[in-house]
Novice: 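First the structure, which I've put down as structure tokens, then a few questions once you've had a look.
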Amino acid sequence: MIELNAIRTKICEAIKQSGLTQTELAKRIGVVQQTINQYISGRALPALDTFATLCEILDLDANEILCIRRSESDRIKYSQNYFGNNIEVHNK
């Protein structure tokens with residue numbers, strides 16, 4: 001289950017740890033500084049497109065921020081090698 005408070009906390013921590021000022025971050029993601037302040041204070045969450053940009057700029061894993069845990073079977077993909085044999089490719 002996705003808990004909004006956990007998401008707010010993770011976004012807030014990521015912004016604070018980024019070392020960017022609210023104004024710098026706002027310019028990079030295309031919002032005003034007050035919006036960043038709302039994210040930090042927990043009064044607002046970013047829209048999906050803004051969230052994606054925020055993850056990209058701060059080098060965040062969206063799954064981690066959204067508290068989504070993937071099972072090991074989701075991380076294993078199969079690929080064919082040069083000889084046509086299936087091999088496991090582990091994604092982390």
Novice: Output side-chain donor-acceptor pairs under 3.5 Å for residues 5-12, partner residues at least two apart or in another chain, one line each.
Specialist:
| unit_1 | atom_1 | unit_2 | atom_2 | d |
| --- | --- | --- | --- | --- |
| Arg8 | NE | Gly42 | O | 3.1 |
| Thr9 | OG1 | Asn5 | O | 2.9 |
| Lys10 | NZ | Glu64 | O | 3.2 |

Novice: Tell me, please, which residues at least two apart from Gln38 pass side chain to side chain donor-acceptor pair (under 3.5 Å).
Specialist: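 Once residues adjacent in sequence are excluded, Gln38 has no partner under the side chain to side chain donor-acceptor pair (under 3.5 Å) criterion.
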
Novice: Measure the spacing between CG of Leu54 and CG of Asp59 and express it to the nearest 0.5 Å.
Specialist: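 Separation between the atoms: 11.5 Å.
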
Novice: For Ala52, which residues count as a side chain to side chain contact (heavy atoms under 4.5 Å, CB included) partner, sequence neighbours excluded?
Specialist: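 Partners of Ala52 under the side chain to side chain contact (heavy atoms under 4.5 Å, CB included) test: none.
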
Novice: Quick one: side chain to side chain contact (heavy atoms under 4.5 Å, CB included) partners of Glu56, sequence neighbours excluded?
Specialist: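 If we apply the side chain to side chain contact (heavy atoms under 4.5 Å, CB included) test to Glu56, skipping adjacent residues, there are no hits.
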
Novice: Do Leu48 and Ile36 sit in one hydrophobic cluster, given that two such residues count as connected whenever their side-chain heavy atoms are within less than 4.5 Å of each other, even indirectly?
Specialist: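 No, because Leu48 and Ile36 fall into different hydrophobic clusters, even though each may have its own neighbours under 4.5 Å.
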
Novice: With a cut-off of 3.5 Å and sequence neighbours excluded, list every side-chain donor-acceptor pair involving residues 13-20.
Specialist:
| unit_1 | atom_1 | unit_2 | atom_2 | d |
| --- | --- | --- | --- | --- |
| Ser18 | OG | Ile15 | O | 2.7 |
| Ser18 | OG | Leu20 | N | 3.1 |

Novice: Could you list the donor-acceptor pairs under 3.5 angstrom formed by side chains in residues 22-30, with sequence neighbours left out?
Specialist:
| unit_1 | atom_1 | unit_2 | atom_2 | d |
| --- | --- | --- | --- | --- |
| Gln22 | OE1 | Gln33 | NE2 | 2.4 |
| Glu24 | OE1 | Thr21 | N | 2.8 |
| Glu24 | OE1 | Thr21 | OG1 | 3.4 |

Novice: Among the clusters formed by ILVMFWY side chains lying less than 4.5 Å apart, do Val32 and Tyr39 turn up in the same one?
Specialist: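 Different hydrophobic clusters.
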
